Number of protein chains: 2
Amino acid sequence: MTRAAPNPARRIREDIEGRIHSGEWKPGTRIPIEQELAARYGCARATVSKALGELVAAGLVERRRKAGTFVAHPPVHSAVMTVPDLAELIAARGESYRWEARAILRRKNAGGADTLQIDGIHFAADEPFALENRTIELAEVPAAAEANFAAEAPGTWLLAHIPWTSARHIVRAVAATRAEAAALATGSGAACLQLERDTWRGDRPVTHVRQLFRGDRFDLVAEFQAGTGKREGN
Amino acid sequence: MTRAAPNPARRIREDIEGRIHSGEWKPGTRIPIEQELAARYGCARATVSKALGELVAAGLVERRRKAGTFVAHPPVHSAVMTVPDLAELIAARGESYRWEARAILRRKNAGGADTLQIDGIHFAADEPFALENRTIELAEVPAAAEANFAAEAPGTWLLAHIPWTSARHIVRAVAATRAEAAALATGSGAACLQLERDTWRGDRPVTHVRQLFRGDRFDLVAEFQAGTGKREGN
DNA sequence: TGGGTCATTATGTCTAGACATAATATGAAG
DNA sequence: CTTCATATTATGTCTAGACATAATGACCCA
């Protein structure tokens, strides 16, 4: 068996990426079949296939059986937005962080199960940074009943205690109500960024949170790199 | 050579996903080595390796040479946000779409190169939906000089003409100025969602756009599914 | 002309074995 | 007791060949 070259798959991937980025192979173009690419790069077809698989994952190409592999059409712009734990976000800015719980109470949710409701404020450098209204389903996270949310922000606590989740975020611009404006030390009606997040474990709801940020103190940053799938943010 | 089972790689991936989701394998846990998994599932090590590779891509596990494969720690919440072409977005809602260019002019940018500046309004069902201020670098997109942006929105045109890009988005809540409020048929100071996007081709800037939406008529939806990398949105 | 069947083709997936590489653990030397 | 060299180990990547599968297009028949 011949010795393998250092990094054929990577070389193939980068070569094809380059041809697409440069415009040499335009969206919709059919690229050579795997056999031919294998011959051209002097490697096994499985290696070409792996490289193409990565390009599919990156959204650069599409493969159709029998038809061949085609340069994908430019994506509707999408971006990976990271929505970090507020404590971490603020620590990363080098500011002091503080959480203040305003109300913690148990109640029944629509299904009759126990729900923990927590309201509070996040402070950055002793200035109010975000309001938070959260509910936690105790059926999914029984340990939450014993946690001390007056000291530790529930988001941070949940990150450390929930195995794995899927989530849906809704980002919206809203005007602060009088009460919200007062809590955020801004004017009534001020533009605020509202982030709502529903979190599930499997298909059962775990927590719902609404965070309200002063529009002049917070923004979301999202990056998108076609071809690499790399993600950064905030 | 033995006949291959229908979908070993997928079975392996889903089994491991399940153990992670259920909490059986907690973050930081070392999972069995590839050889052992291969034996357990009755397949070749390469197949296990492929399955693990997909789990890495999904962010569920981390692999370290010699050390082994470990369940990844839950991600700081991230989500894939899709920022669609406005014409498509509005068409998908079943509303009529219209673009109105307000100002198109050439000017020199900071580097002395030619820049096209375009301002306009997007309408959904004949109501103003978004303001757009855009600049296009003619050095990167010379064809833009001949395009008729009075008829076709520049975002739509660019999607069809630019080979591939990376982008950075900034989402922020801002208060509408008097002029903006008037153009959007809302009140002065109304909360608006501002989306800024810088787009590059390779490392050269292509276009910058600022879109301003009425906060009560638009929101961004972003989904995140740990383990699958699936993306949906809006 | 319309429609159904079938061979062809290109991707999809897997196997068994080989060698590369990096990080850890071990043991020897100072 | 510390430090450096070495062996071990688990992942990383590749090869060559095999069979599966889906979609296309050509062919044949009504």
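Chain letters run A, B, ... following the sequence lines, proteins first, then strands; residues in each count from 1. All values reported here derive from a predicted model rather than from experimental measurement.
Residue Leu55(B) contributes atom CG, which lies 13 Å from atom P of dT11(D) at whole-angstrom precision. If you take CZ of Arg65(A) and P of dC19(D), they are 17 Å apart, rounded to a whole angstrom. Counting to the nearest Å, the P atom of dT15(C) and the CD atom of Gln35(B) are 14 Å from each other. Note: CG (Leu37(A)) to C1' (dT11(C)) measures 12 Å, nearest angstrom. In this entry the distance linking CZ of Arg10(A) with C1' of dA20(C) reads 15 Å, nearest Å. Between Glu62(A) atom CD and dA10(C) atom C1' there is a gap of 16 Å when expressed in whole angstrom units. The CD1 atom of Ile33(A) sits 19 Å away from the P atom of dA23(D) (whole-angstrom rounding). Arg13(A) has its CZ atom 10 Å from the P atom of dC14(D), to the nearest Å.
A cation-pi contact, defined as under 6.0 Å to the ring centre and within 45° of the axis, is absent between Arg217(B) and Phe129(B).
In this structure, the nucleotide among dA10(C), dT11(D), dT15(C) sitting nearest to the side chain of Arg30(A) is dA10(C). Comparing atom distances between the Thr47(A) side chain and each of dT15(D), dC19(D), dA22(D) picks out dT15(D) as nearest. Relative to the side chain of Lys66(A), the nucleotides dT8(C), dG12(D), dT8(D) differ in distance, and dT8(C) lies closest. Checking dC14(C), dG12(C), dA22(C) against every side-chain atom of Lys50(B), the shortest atom distance belongs to dC14(C).
Less than 6.0 angstrom separates the ring centroid of Phe149(B) from the ring centroid of Trp157(B). Centroid-to-centroid, the aromatic rings of Tyr97(B) and His122(B) come within less than 6.0 Å.
Checking Arg63(A) against Gly42(B), the closest nucleotide of DNA chain C that is more toward the 5' end is the one next to Arg63(A). If Glu34(B) and Ala46(B) are placed on DNA chain D by their nearest nucleotide, the residue sitting closer to the 5' end is Glu34(B). Nearest-nucleotide positions on DNA chain D place Cys43(A) closer to the 5' end than the other of Cys43(A) and Arg64(A).
By the 4.0 Å N-to-carboxylate-O rule, Arg11(A) lies too far from Asp15(A) to be salt-bridged with it. The pair Arg98(B)-Glu127(B) does not meet the salt-bridge criterion, since no charged nitrogen lies less than 4.0 angstrom from a carboxylate oxygen.
Within the nucleic acid shown, Ser49(B) comes within 4.0 Å of at least one base atom, counting heavy atoms only.
With hydrogens and angles left out, the side chain of Arg45(B) and the base of dG17(C) share no donor-acceptor pair within 3.5 Å.
Contact annotation: Thr69(B) does not reach the phosphate of dA10(D) (side-chain N/O to OP1 or OP2, under 4.0 Å).
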